[in-house]
Amino acid sequence: MVKFNKFKLDNGLRVIVHEDNTTPMAVLNILYDVGARDEDPEQTGFAHLFEHLMFGGSVNIPHYDGPLQRVGGENNAFTSNDITNYYITLPSTNVETAFWLESDRMLSLAFSEKSLEVQRNVVIEEFKQRYLNQPYGDVWLKLRPMVYKSHPYRWATIGKTIKHIEDAKIEDVKAFFKKHYNPQNAIMVIGGDVKTEEVKRLAEKWFGPIPAGEKYNRDLPQEAPQHEERREIVTAKVPLNDVYIAFQMEGRMDKSYHTIELMSDILSRGNSSRLYKSLVKDKQLFSEVHAYITGSMDKGMFVLEGKPLEGISIEQAEESLWQELEKIKTEEVPADELTKVKNKTESTLVFSEMSLLDKAMNLANYELMGDADEFNHETEKFLAVTSAQIKEQANKLFRKENSSTLIYLAEGVEEPKAVVTE
C-alpha cells in the first residue's frame, strides 16, 4: 500500500506527495498529459522533439544539467504515444533545486533557432540509427499504420517521417509548447524524505505564479473495429525472417485490460510460458517468440512476434502461432497455470512499490487515469481474473479479421516453402 497526500494549485497543477523517510533521497516526477497522439498528422514527432528541447535550457537557467549535478541529482525523460514524463532524483535536502529547475522550464523554456537546430539534428540522427538503419527498426513505422487507419496511434512516437522533424519551425514548436506544457495539463509527484507541508510551500512558491494556460480538450478520431485481415510482406536486410501478428484490443481503462495482460503473460512470460515451451523448446520452430500488449490509453495492440528457425517456412511458423491461439480460445487455462502467472504479476507489482522512482511514476500514471489510489488496487484486479474471462477475451481478440500480419523476409535467404500472399 503506497500512502500519499494530494492537493491542487489554483492554476490547475495536481500535486501528489508520497512521504518515505526510509531513504535520504527525493524524486520529483512531472507527467505532462501529451504524447504523439496529440500531434498534427502533418507535424508528427513533436512530443518527442520536445522532450529533447526541454533539456536545452530555460530563460533563467541556460544549462539545465549543471545546477542539478552540483547538488548530486540525476534526471531523465521519456515520451510515449500517450504521455511525456520528466523526472529528477536527488538528495532530499536539495529538493528545492528540483522545484526551481522544473518550474522554470514550465514557465519559460528558452526557444532559440540554435537550440532547435541542435535538438532537431539529435532527433534526426536517432530516427536514422534506431528506426531506419537497424534490423527490424522500422517495424512500428509499418505495423502501426496497418492496425490504425484513423486514430493518431498510426504513427510512432519518433514521428511518421524525418521530413516532419526537418521542417519543424520555431513558431510551430512554440505553439505546441503553449498548448500542452502548462500547469493544468501536468501532474507532479514528489516522493521520498519530504513532508507534505513543505512540499505545499515549495509548490506554491515555484509553480503557483505560472499561468494556468488554455485548457486542452482532447478530441481524437477513434479507431473503428477491424473487420478484415491485413497483411504485408517486406524483404529487408535482416538476419532472420520475422513474423508479427497484431490484434486490436480495448484501451488501458477498459475492464478487459487486466485479463488481456495476464493472457499475454500465459503465452509468453518466461521459459515456462506456452509459446516458449511449445514453439521454441518442444517443436523447435522459432529461435524466439513473444506476446505483449501496448497498454495504450485508447485502443491498443496485442502483438505476437516470432523469428522462425532456418528451414522453417513462414507458412509453418504462422500456422503454429495460430494453433497456440486456438488452444487458449477453446480450452480454459488450468487453475495452477493461472495461479503461477498471477503470482509472478503480484511479485512484479510488489517490487514496483519498492523503488521510489517507480512509485512516483505509477502514482502520476494512475492519477492521469482518474485516481492515484487505483495503483493500490492493481494486484486485486489481476488476482480476480478467471479462466473463463481469459477464454472469452481470447475469442474476442484472436480472429483472422482482427489481425494485421507483417512479415520480414531476410534478403537473399531462400524461403523453404511458398509464402502465403495476400
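The figures that follow rest on heavy atoms only: side chains count, while hydrogens, waters and symmetry mates do not. For this chain, numbers begin at 1 and follow the sequence in order.
- Between Glu117 and Arg120 a salt bridge is recorded (basic side-chain N to carboxylate O distance below 4.0 Å).
- Crowding of Lys178 atom NZ: a count of heavy atoms from other residues, nucleotides or ligands under 6.0 Å not exceeding 12.
- Salt bridge Glu198/Arg201: present, at least one basic N to carboxylate O contact under 4.0 Å.
- We find that Glu324 and Lys327 are joined by a salt bridge, their nearest charged nitrogen and carboxylate oxygen being less than 4.0 Å apart.
- The backbone N or O of Glu223 lies less than 3.5 Å from a partner atom in the side chain of Lys299, making a donor-acceptor pair.
- Judged by distance alone, the side chain of Asn395 and the main-chain N or O of Thr330 form no donor-acceptor pair under 3.5 Å.
- Using a cut-off of 4.0 Å between Lys/Arg side-chain N and Asp/Glu carboxylate O, Glu326 and Lys329 are scored as salt-bridged.
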- prompt: Can you list the steps and then say if Thr196 with Glu19 is a side chain to side chain donor-acceptor pair (under 3.5 Å)?
  reply: CA-CA 7 Å; Thr196 302; Glu19 298 182 7; 2.6 Å; yes

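- Within a 6.0 Å radius of CG in Asp10, no more than 12 heavy atoms belonging to other residues, nucleotides or ligands are found.
- Looking at Lys344 and Asp265, no side-chain N of the basic residue comes within less than 4.0 Å of a carboxylate O on the acidic one, giving no salt bridge.
- Under 4.0 Å is where a charged nitrogen must lie from a carboxylate oxygen, and between Asp20 and Lys359 at least one such pair does.
- The shortest distance between side-chain heavy atoms of Leu49 and Leu116 falls below 4.5 Å.
- In this structure the side chain of Ile162 reaches within 4.5 angstrom of the side chain of Leu132, judged on heavy atoms.
- Counting heavy atoms from C-beta on, the side chains of Arg231 and Glu318 come closer than 4.5 Å.
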message: Assess the residue pair Asn376 and Asp373 against the criterion (side chain to side chain donor-acceptor pair (under 3.5 Å)); give the C-alpha distance rounded to whole Å, side-chain angles, the decisive distance to 0.1 Å, and a yes or no.
response: CA-CA 6 Å; Asn376 290 319; Asp373 191 48; 2.9 Å; yes

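- Enclosure of atom CD in Glu166 by more than 12 non-hydrogen atoms of other residues, nucleotides or ligands within 6.0 angstrom is indicated.
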task: Would you check, one step at a time, whether the test side chain to side chain donor-acceptor pair (under 3.5 Å) holds for Asp193 with Thr23?
output: CA-CA 6 Å; Asp193 191 16; Thr23 170; over 6 Å; no

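- By the 4.0 Å N-to-carboxylate-O rule, Glu39 lies too far from Lys179 to be salt-bridged with it.
- Between Tyr64 and Met54, the closest side-chain pair of non-hydrogen atoms is not below 4.5 Å.
- With a 6.0 Å radius and a threshold of 12 heavy atoms from other residues, nucleotides or ligands, Glu214 has its CD atom at or below the threshold.
- Side-chain rings of His258 and Phe382 approach one another, their centers coming within less than 6.0 Å.
- Around NZ of Lys255, the count of heavy atoms belonging to other residues, nucleotides or ligands within 6.0 Å does not exceed 12.
- Between Trp322 and Phe247, a ring centre-to-centre spacing shorter than 6.0 Å is recorded.
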Derivation of the salt bridge (Lys or Arg N to Asp or Glu O under 4.0 Å) call for Glu228 and Arg230: CA-CA 6 Å; Glu228 77 290 320; Arg230 298 168 187 165; 2.5 Å; yes

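- Taking 4.0 Å as the cut-off between side-chain N and carboxylate O, Lys381 and Glu261 do not count as a salt-bridged pair.
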task: Quick one: do Thr294 and Arg144 satisfy side chain to side chain donor-acceptor pair (under 3.5 Å)? Show the steps, please.
output: CA-CA 11 Å; Thr294 52; Arg144 281 185 174 278; 5.8 Å; no

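- Side-chain N or O atoms of Glu51 include one that pairs as donor or acceptor with a backbone N or O of Thr79 at under 3.5 Å.
- A 4.5 Å side-chain heavy-atom check between Pro239 and Lys307 finds every atom pair outside the cut-off.
- When side chains are defined from C-beta on, Tyr216 does not count as touching Val34, because their heavy atoms never get closer than 4.5 Å.
- Counted within 6.0 Å of NZ on Lys8, heavy atoms from surrounding residues, nucleotides or ligands total 12 or fewer; the atom is thus considered open.
- Within 6.0 Å of NE2 in His377 there are more than 12 heavy atoms belonging to other residues, nucleotides or ligands.
- A salt bridge links Lys6 with Asp371: at least one charged nitrogen is closer than 4.0 Å to a carboxylate oxygen.
- Taking the six-membered ring for Trp, His180 and Tyr32 have ring centres at least 6.0 Å apart.
- Looking at Asp82 and Ser296, their side chains come closer than 4.5 Å, going by heavy atoms from C-beta outward.
- Annotation: cation-pi pair Lys205/Phe99 absent, no NZ/CZ under 6.0 Å from the ring centroid and within 45° of its normal.
- Below 30°, between 30° and 60°, or above 60°: for Tyr181 and Phe177 the angle between ring planes is below 30°, a parallel geometry.
- Using a 30° and 60° split on the angle between ring planes, Tyr408 and Tyr136 fall in the perpendicular class, above 60°.
- By the 4.0 Å N-to-carboxylate-O rule, Glu171 lies too far from Lys169 to be salt-bridged with it.
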